[in-house]
Structures are given as structure tokens and as C-alpha cells.
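Comments concern the structure below.
All ligand and atom numbering here is 1-based and tracks the order in the structure.
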Amino acid sequence: MLDVTEAFGPFPPRADRGGPRFSRDELRRLLLLTGEAQQELFRQARAARHAAGADEVKLRGVIELTNYCQKTCDYCAIRAGNKDLSRYRMTEDNIMGLAESIREAGIGTVFLQGGQDPKTDPLISAVIPRIRRELDCEVLLCMGEKPRAIYQEWAALGATSYILKFETSDPKLYDEIVRTPLAKRLDCLRWLKETGMEVGTGNIVGLPGQTMETLIDDILLAEELEPDFLSSSPFIPNEGTPLETISEGDVDMTLNTMAVYRLLFPGALVPTVSALEKLRGGGQLAGLQAGANVITINFTPKDFRDKYAIYSAKGRFIVSGNHALHIIEDAGLTVRRAHG
Ligand code: 5AD
């Protein structure tokens, strides 16, 4: 198990907040729920979301601006060294044009996502203030591990928030699959928090070698980090990666994790991710019913999108505005209005 005390010097110790909400045994039971008991968990998650005034669904528009990546995560096809993938990096004009389409669609958050690619850093610095000032949108970044000074620069330029998933709380498993130290990632999360940006994190369910105990640790780590957004996604065996023959993650276990995240952080933003829909038709609607309140709509043009091979090289589920609005309606929820 991860030594959280060592990893989180500057974070308030657990005892100050009264300790973890659920015991390991309770978490084990919650994660394994199926059938009517699982539905009851989801009802409680929805009730917690409602009581926190967090029922309105926030829309984000994502621009996948580069598929160059320094990292070699075993689950991801944009990993460095994958010679079968042709690489792209958008221009400032590409990005601003797409950001404008997001604004025109009435979406208030421009979500810039890409591989961990230092050459893209100046581009990010150029577009953050423009998206803030010219379009009056929030800027959410998911660009990987960066030096502390770069996080500070992006926050100072007006970036609103940053997502950096811890993926798994097991340092050994993380090292084997992500091939860099978990401690580095946790340092980055601490630096991000220091900048004052809102911070999102989360885990992947179903990585090979992951156990029930690891998943319990994931939730305890998430609780410890006190993020503003929390996500869980099922593992997808991605063509052309070292893990392509491993079986996919369990959708129900992912939904249960999301519901527990909601119970732990009633007012947080919890996305219902496209990977849920890829593995199970209706999976994203199920995510909303399990307590999620965020959907990311894809604005990456097809030519680029096809090369952005995270999750699946052969075909991700691409979330359209229509799909998002339909499932929000089916869940009996409404969209959070972006601009007044
Ligand atoms: N299965 C599940 N999640 C994945 N990610 C990337 N590839 C996969 C996969 N094959 C997730 C990681 C990463 C985010 C951008 O996408 O959690 O942080």
C-alpha cells in the first residue's frame, strides 16, 4: 500500500478531517455491489449530488491538440516509440478556430488535451489568455507532467483547471505499466494544487495486476487528494499496445467507483467518460445515473481525431453534442448554462 504520509507532506493529515469516510471493508462491499443493491448505491449517489446542488450537467468541449507523447504508458497507443502512428501537432489558428466552435455551441469550458509533448508548451501559453479574453471560456488542461514553473505560468495566464489522473495508487503497478514513478505524478498533483487551479484526478479500473485491494487504495488516495474533479474509467485494451490482449475493465466496478467518488465529494465534478460507452451501449447514461455530472464533447476534427489513439486505435466512441443532450435528457437532468 502507498505510504500517503510520505507522499503528501504538505497535505493536511487525514486525522484533521476526521479520517476516511469508509473503511476498507465497506469500500470492498460497495465496489462489488450488483443488482438491486447496486441500484441503491446509485440512488444514494444521486441523492448526494442533488443535496449538494450539483445536478446540472457541465459540458466541456475537448480539443486533442497533439498526439506526440514522451511517455510510454503500456495501455496507450500514442505512447512514444509507436511507429505505426502518424503524429500531429495543431497550430494556434487550428486551436483558436476550434475553441470558437466550442463557444458558439454554448459550451463554457475549452478542454485542451494532448500527449505529454514539451514542444506544445509555448502553444498552450499562447492560447490560454486568448481563450479567456476573446471567448470568455474556462480553460481546462490535460497535458501531463510538467515542471512546476510551467504549471505556475499556465495558472498565471488564466488556466482554470488541470486534470492529471493518478491512474493507479499501487506504486509497483504504476511503475510497471506507466514506466515512470508514481511519486513524480503525485509531486505534479501537489504543484498543481499549489497554483490554485482546480485539480482533477482519478483511476483506471481493470489494469492487469490490479487487485481489489489496489482499487480500495485508489479510492483512499482520491479521498486524500481532495480534488475538484474525480473520474474513473474502465481499461480498454488498445490495439498496437503491449496490453492489447488483456481483457477490458469491468464497467460495473467503474460505475460503483464513480458512485463512491460522488458520496465522498458530493459537490465535485465527476465525468461520465466515453470509455464507458465504448464498452457498453448506454454506459455513459449509466454514468449519469451513478452520480456523474460532466460530459466532454469532442471537437477534434476527424483527420486529427483518428490519430489520437488513446483508448482505442481502431475506433473510440466519439461523443457528439446530440449524444450528450440525449443522455442528459434520458437521465432527467439539465445542462448547466455556460454564459449567463
Ligand atoms: N484504457 C483506459 N484509459 C485509458 N487512458 C488512456 N488509454 C487508456 C486505455 N487504454 C486514460 C488515462 C489517461 C487519460 C488521458 O486516458 O487515464 O490519463
Margin query: If the cut-off is 4.0 Å to any non-hydrogen atom of Pro234, which atoms of ligand 1 fall inside it?
Written below: 1 (N), 2 (C)
Checklist line | Under 3.5 Å: N/O of Arg185 near N/O of ligand 1 | finding: no
Notebook entry, point to check: Between Phe235 and Tyr75, is a ring-ring contact (aromatic ring centres under 6.0 Å, His included) present by the stated rule, with each step listed?
Noted result: CA-CA 8 Å; Phe235 164 67; Tyr75 45 74; 7.2 Å; no
Item checked: Heavy atom of the protein closest to atom 13 (C) of ligand 1 (residue, atom name, distance) -> Glu167 OE2, 3.4 Å
Checklist line | Protein heavy atom at shortest distance from atom 7 (N) of ligand 1 | finding: Tyr75 CD1, 3.4 Å
Margin query: Which residue and atom name correspond to the protein heavy atom nearest atom 3 (N) of ligand 1, and how close is it?
Written below: Tyr311 CE2, 3.1 Å
Checklist line | Sole candidate of Asn238, Asp74, Thr241 that passes side chain to side chain donor-acceptor pair (under 3.5 Å) when paired with Arg79 | finding: Asp74
Item checked: More than 12 heavy atoms of other groups within 6.0 Å of Glu92 CD -> yes
Margin query: Which residue and atom name correspond to the protein heavy atom nearest atom 15 (C) of ligand 1, and how close is it?
Written below: Ile310 CD1, 4.1 Å
Checklist line | Ligand-side contact atoms (ligand 1) for residue partner Phe235, heavy atom cut-off under 4.0 Å | finding: 1 (N), 2 (C)
Item checked: Tyr174 six-ring centre to Arg185 NZ/CZ under 6.0 Å and within 45° of normal -> no
Check: How far does CG of Asn203 sit from CE of Met258, to the nearest 0.5 angstrom?
Finding: 11.0 Å
Notebook entry, point to check: Has ligand 1 got any nitrogen or oxygen that is less than 3.5 angstrom from a nitrogen or oxygen of Ile236?
Noted result: yes
Next item on the list: Evaluate the ring planes of Tyr162 and Tyr151, with Trp represented by its six-membered ring, and classify them as parallel (under 30°), tilted (30 to 60°) or perpendicular (over 60°).
Entry: perpendicular
Notebook entry, point to check: Quick one: CG on Asp55 to CZ on Arg46, what's the gap to the nearest 0.5 Å?
Noted result: 10.0 Å
Notebook entry, point to check: Below 3.5 angstrom, do we get any N/O pair linking Gln113 and ligand 1?
Noted result: no
